[in-house]
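See below for the structure under consideration.
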Amino acid sequence: MKYIVKLTLCLLLTILLVAGCDTEELHNLNINPQAVTEIDLNYLFSAAELSIASNGGSGDNRYIDWRTNIGLASTAIQQLATPGGISANGNFYRHNEETSAAPFEFTYNDQLKNISEILRQTEPGGFDEGNKVNMRNAARILRAFSFQRLTDFYGSIPYFEANRGLEGINEGKQGILFPTYDKQSVIYADLLKELDEATAAMSASNPDDGFSKADMIYEGDIDQWKRWGYSLMLRLAMRASNVAPDMANTYVTKAVAGGVFTSNEDNVWIPMDVGPSEWQDQNGISRAFYPGDGGNPSFLSKTLIDFLKGANPNDVADDDPRLMILSGGIAKWDAAAWTPITTDPLEQRGLPNGFFTSDIEAMEGGPVVLEETFSRINYLMLDDNDPYMIMNYAEVEFLLAEALERGIGTGIAGTAQTHYEAGVKAAMQMYAPYDPSLTVADEEVATYLAQYPYGVYKPALEMIGEQMWVSKFFNWWEAWSDWRRTGYPQLVAFTSDETNVTGGTIPVRLQYPATEVAANPNFNQANNNNYTSPVWWDGGTE
Amino acid sequence: MKRPLLVLLAMMACATHLWAQRQVSGTVTDQEDGSALPGVNVLVSESQEGTITDIDGKYTIEVPQNATLTFSFIGYLSREIEVGNQSVIDVRLDSDVKQLQEVVVTALGVERETKALGYSITEVDGENLTEAREINVANSLAGRVAGVNVSGVASGPAGSTRVIIRGNKSLQGNNQPLYVIDGIPMDNSGFGQAGIWGGRDEGDGMSSINPDDIASITVLKGASSAALYGARAANGVINIVTKKGSSRKGIGVELNSNFVFEQINDQREFQRAYGQGNYVASDPNDPESTRIAVAPRTQQEAYDWGTSSWGPKLGSVGESVQFDGVSRPYRDAGDNWDRYFRTGSTLTNTIALTGGSETQNFRFSFSDLRNQSIVPQSGFNRQNVSLSTNSKFGERLTFSSRVLYSHEFADNRPYLSDSPANGILAMYYIPANMNVDNYYGDPNKPGAIPPGTDENSLSIWGKIPGEEYQQANNNWHQNPWWTAYQFDNDDTRDRLLPSATLRYDITDFLWVQGRAGMDWYTRRETDLVPQGTGYQRGGSLTEGENRVREINMEWMLGFDQAFGKFNFNAFVGGNRMRRSNERIAATGNGFNVPFFEAITNTVTQNFQYGFSESGINSLFGSAEVSYNGILFLTGTARNDWFSVLNPDFNSILYPSVGGSFVFSDALNTLPDWLTFGKIRGSWAQVGNVTVDPYNTILTYSLKQPHVGIPLASFSSAGGNNGSIPNPTLQPLTSTEYEVGLDIRFFDNRLGLDLTYYDQVTTNDILRATISKASGFGSTVVNVGKLQNRGIEALLTATPVSGPLTWDVSFNFAKNENKVVSLIEGNDELIVEEPRTRTVFVKHIVGHPFGVLTGLVQKRSPDGQLVFDPNNGAPIQSDDYEIIGNSVPDWTGGINNSFTFKGFNLGALVDFKIGGDVYSGTNVRMTQAGLHQQTIQGREGQEPITVTGVAQNGKTESGDPIYEPFTKTLSPNEAQGYWSQMGNRVQDHFVYDASFAKLRQVTFGYIFPSSMLDKMPFQTLSLSFVARNLAILYKNVENIDPESSYQNGNGQGLDYFGMPKTRSYGFNLKVQF
């Protein structure tokens, strides 16, 4: 009995001692064993690089492509067409919240989040202050790339106050939770300044600091990074050229002086993998079309097929050599196999944009099995681990040709025609990374160029615009931006859907996400919250 | 309900044995009112043989010579009577005033007299939970307790429940109460809810509990009552006391068998006049010609229009082609829900053994529950074992312990909300002319494409045999048979809830107690998306396990002494809580050997690991002084230290004071009809922390490397929508005062309990949805003020007493809730958005918690409706407007019970008045052409004419110019009108969510002892039981007004939840 009493008292005393006070042991519970307070920023950089390929970095690798690039741009810009599936939104000019919201919701939250942390921690006060200079400036180039794409979708967006949610966290202050909006004209000016500074700051003589291992694009090649920076500068300058000619002049000149892409070797690709899951690290575009699964219809548009078939649709000799690269043929495609019905170039047919199935049946005069009637994207470019194309050399050559034609900038060597022809050649020969069989010989390029003489077959600017358009297969959102700026190719808008939201015209911007309209008190773009108001560089409000 | 319980208790005492020589009989009545007392123990003192009185208080017993009879009954003083020569002995028993004093279990398991409490507390007897039962016992509280708002998620058996006491107190944190079992907190957290993109309700903690083990549930509603439990009790406490053994002769055996059927309470009233189809050009050669409704003419059309009910009138064509290429009659195919959903059932068997002496007792129970859901292949099984022991060692040392073990198996929890894998959504969409039996496909693999399907069909579907038999050209729209039979989402939970209490009475007035308890469980889950599923053709498999452990250790030192008419009672104590949650899972995608769905057969594999840990240290104390049983004053204080906060801000001390005055005992001049009267008042604060671990420090974590390159991210924001950590977070405080009146008349035949409370939550911890342009989706901040005030009333009456007794209780509560402030510089915060993405649940300063906001139809400056001149569709407003409020204004219930002889009848009606629901189901059904309203404007119906204004250009200053507009819509335009309605005019789909439901009916019979003579039992009772029998009142179309797909703070959103069910069956109870 006494023993029990003693035991009881001992037990109670023990409990008394361990409970009811503010102990070190209690504090330590809040240390996450799976996390660190400082990290090699190269790891964040790698994540940001992966992210620019359709959000691979956040494990949602197809969302933004699936929703916006494919869902709207691919069909609105008439390279693909479909009566159903996600890209029917662009095909019929319908509103879809995810299509509109995806770039806004994912770009700030993914690559820009990581990049801004890299910049914050390499600045004064950061834990890696003053180090990793090349990586830091490569991150600024990625940042400019991402912001350019984002503002091109929406026009005015949060920029200067964006991604500052963590500011002051160590001083117990609240960061900027609801950033204000900046005009696109101001954003473009700052992005060009950023590219100028970032390219200048990069140097092979700076210590590598782990950059080359982390860089999955150029493996730390500084010259290539600089060329990408200047190529982006050229893109931005030309995009603003209609409304800000002085700025365009200045930066086209700077870009050319700095050195832009010189070959397909400079093309920006993000390597992709087969897994670990279908949501992660796979090529988001491939996954979106994978039959039955992503399942989005992969029919090529009549506009694209007609362009690729050349002046005479019944003559193979005048075809664009890319016809049977982009089209894999008319084919059945299921999980088990790609079964071609015909790969004869003469038999290739594109699906008209804006048509319902019933319209197509009316056109065909009877029931239609779409798979047996229309050409589809080449399955050889849709493997899960195919690299993801970010930006290519051909675009640079086309922009230089245009700059020369329009007299923008100084110091561009060569003629508009040489740049145009170099662009066409590069564009035709850039598909080998998808599959070694997707090659175009120099002679085929030469034959093509001879058949469609520059500035003769059609006006020079139109030929440049059309070539730029076709060179951006997969980069549909960029093709959409180019078309909005140049008006080329000349597309005929059509939609059978009476409930379309544009009054039957091709959309020229995205709506802002409903969450942003509803949540951010600083949202002030109600007048531009539609699909029909052009952005600043397209002649709209600043 | 009281009487049968007493009968049972009495009958547990002894067993009859015929041994005596002569018979004595008589009637036992109440000394005061002369009413018959059934169930009184009548014992022959010498032999301990005995019987009990029947329903009329009569008894007959054989007695030996010179015997003495003992009459004993709970609540009455026992009497011993020498038999002598008497053959008739009528006995009157005096009530035992001391025993009659109501005692309830308050915070920390402390028993207090009800009249000493300065706050409102409600007890629900365990009997109320077991006759007509719910698998999740929290649902049984619906309508029973004033101010307690219970809403089950529309997710079927073993789904989770949202319980809100006195309104939502925190804007964003968990607003649900703390669950405590025998003094030890239980983890009620769930493993996931359906959200905007779908998902499943993975259940919560309460589904582990066997209602048969519950002696009573007390609901501690206010801050005062919960102040001692600490932070986690800020939202109130559901305090569960389990059944214990008692001293008795031999071992008592109790069997309870409950069997109920379950059926859908179908609320749909869809149009059944028009079938599958769509609008196409009337002239096949002219795409611009008038569009008319046609039924599918080709297999491709049927596949493309799989979810479109915009065809012509049924019967207008003889046959239409369906997705499988077969032509079938174009007429009403009958109710598909009857074909798909089955009659569910739940069989529960419980055996309980009790026994013990004066110093030792025990109770052991085993229970087995087998449920088949209304959804094929889905169900829930549970086994519970409990053992409770109480021991007394000598005069001063007592030891009690109990172990609850449960084994739960949930088979195929249904997917809810957004479409992927949501078979219920698919069941809603089926056009009237289609028969779901034709979706069955391969008889050996329901929902799969049968072997030998023709090439043309396979080509249209882009599929091979064995894969999902999709009926619509939408990979995210599943075949309902496929989701039921081929998906596999099972979880098994093994849960152990042991606890032990050791108490030592040091002196007569000083005691010390130690208590330790644990809640430990593992949850093993298998989540298979089968190969061949539309949206994930390769299939995937996750095998994962969570281990959750919470340990509480507590000590208390108490003092209890009377000084004359004063009584002092005080204790101090400490508690140490530690909680951890660890998850290990493996996921594989794609299968190497086709259709062999094993984790080792997956093509790509990855693992997930998660760990979190937290703790709270606490010190607390309480002191009570009372005078003469009339006046009571209590003060408490508690200090908590939280691991989840920065050590600079991790502590909070909060006090409470309360008192009560029993004026009926204090004043002599009160009239006779006033039996009891008490006023009470209290003021209290409770601190709370609604933050998960690791939310205060900025850290980074590694992610799965890509092509051999390591990747990192913020720990709090690995993907999109992460959170900004906040090192300065502090505990929130809710401050509440309440006053109340408890008054009873006419010998307790009429009673009223009234409470008014006013509560303010300050420093609330908000997970604020912020602009994604900040880089993050949310942050946790410490601002905001929320006010709740309201009244609660409980009216009890016994209008008829005697052989026929009628008891009625009526409770109601009104809570007014207002958001006083939010984060600095922001008057609005988004809480939740539904899949339609057109409506937001928001907190707006000056408005109640969680209002529904959405776009409505635009109006011109002079108030006219604005239309699109092209197609007559409504134009939406520029700004979000408040279109509803998800929280009800009034809640309550009426409970009637009748007893007559051995019969008893009970009926519970509960209601919620006010509050709105935004029905995404109705939005989608309108778009699909199934909603009744979409009949308007179709071919053969009156056309729709819209009248208002339309914009025609802008003024120079940019203002729109409106012109009068009227348009009669063609049938095709009417389709556009209805399709656009859900996108553009949200208030059209907001409904008043008020309802009154016949929640429970029981009808039972307790067999009289005379009938049981020849049978081996002591008691036998049989009841008819039913739950959720009928919706007596509602204002929402096609869905249950309580339909909700999740139990978080974003309430008021409906989107293809599981249809609610009604259940009915029998309960049999036997004692040996």
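Chain A is the first sequence line, chain B the second, and so forth, proteins listed ahead of strands; every chain is numbered from 1. The basis for the numbers below is simple: all heavy atoms, side chains too, and nothing from hydrogens, waters or symmetry mates.
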For A:Glu167, is it the side chain, the backbone, both, or neither that has a heavy atom closer than 4.5 Å to a heavy atom of chain B? neither

Distance col, row B:Asp304:CG vs A:Thr357:OG1, nearest 0.5 angstrom, shows 4.0 Å

Taking all atoms of both residues into account, what is the closest heavy-atom pair of B:Thr604 and A:Val274, and its distance? CG2-O, 4.1 Å

So what's closer than 4.5 Å to chain B heavy atoms on A:Glu516: side chain, backbone, both or neither? side chain

Side chain, backbone, both or neither: which part of A:Asn32 has an atom under 4.5 Å from a heavy atom of chain B? both

Contact origin within B:Ile616 toward chain A - heavy atom pairs under 4.5 Å: backbone

Cut-off 4.5 Å, heavy atoms of chain A, and the answer for B:Asn278 is neither

B:Asp827 versus chain A, heavy atoms under 4.5 Å apart: side chain, backbone, both or neither? neither

Side chain, backbone, both or neither: which part of A:Glu25 has a heavy atom under 4.5 Å from chain B? side chain

What distance do A:Asn42 atom CG and B:Ile709 atom CD1 have between them, rounded to the nearest 0.5 Å? 10.5 Å

Considering all heavy atoms, the nearest B:Ser774-A:Leu177 contact: CB-O, 3.8 Å

Is chain A contacted by the side chain of B:Asp879, its backbone, both, or neither, given a heavy-atom distance below 4.5 Å? neither

Proximity breakdown for B:Pro727 and chain A, heavy-atom pairs closer than 4.5 Å: side chain

Can you establish whether the number of heavy atoms outside A:Tyr154 located under 6.0 Å from its atom OH is more than 12? yes

Taking side chain as everything from C-beta outward and backbone as N, CA, C, O, which of these in B:Thr728 sits under 4.5 Å from a heavy atom of chain A? Side chain, backbone, both or neither. side chain

Which pair of heavy atoms, one from B:Gly775 and one from A:Lys113, lies closest together, and at what distance? O-CD, 3.1 Å

Starting at CG of B:Asn650, measure out to NE2 of A:His27 and round the result to the nearest 0.5 Å. 4.5 Å

If one checks every heavy atom of B:Val781 against chain A at 4.5 Å, the contacting part turns out to be side chain

What part of B:Tyr880 lies closer than 4.5 angstrom to a heavy atom of chain A: side chain, backbone, both or neither? side chain

If I measure from the heavy atoms of chain A, does B:Tyr700 come under 4.5 Å with its side chain, its backbone, both, or neither? both

Sort B:Ser459 into side chain, backbone, both or neither according to what part of it lies under 4.5 angstrom from a heavy atom of chain A. both

If one checks every heavy atom of A:Ala519 against chain B at 4.5 Å, the contacting part turns out to be both

If you count every heavy atom of other residues, nucleotides or ligands that lies below 6.0 Å from A:Gln34 atom CD, does the total exceed 12? yes

If you measure from the Lys or Arg side-chain nitrogens to the Asp or Glu carboxylate oxygens, is any gap between A:Asp110 and B:Lys772 under 4.0 Å? no

Using heavy-atom distances under 4.5 Å, tell me whether B:Phe642 contacts chain A through its side chain, its backbone, both, or neither. backbone

Quick one: what part of B:Glu613 sits under 4.5 Å from any heavy atom of chain A, side chain, backbone, both or neither? both

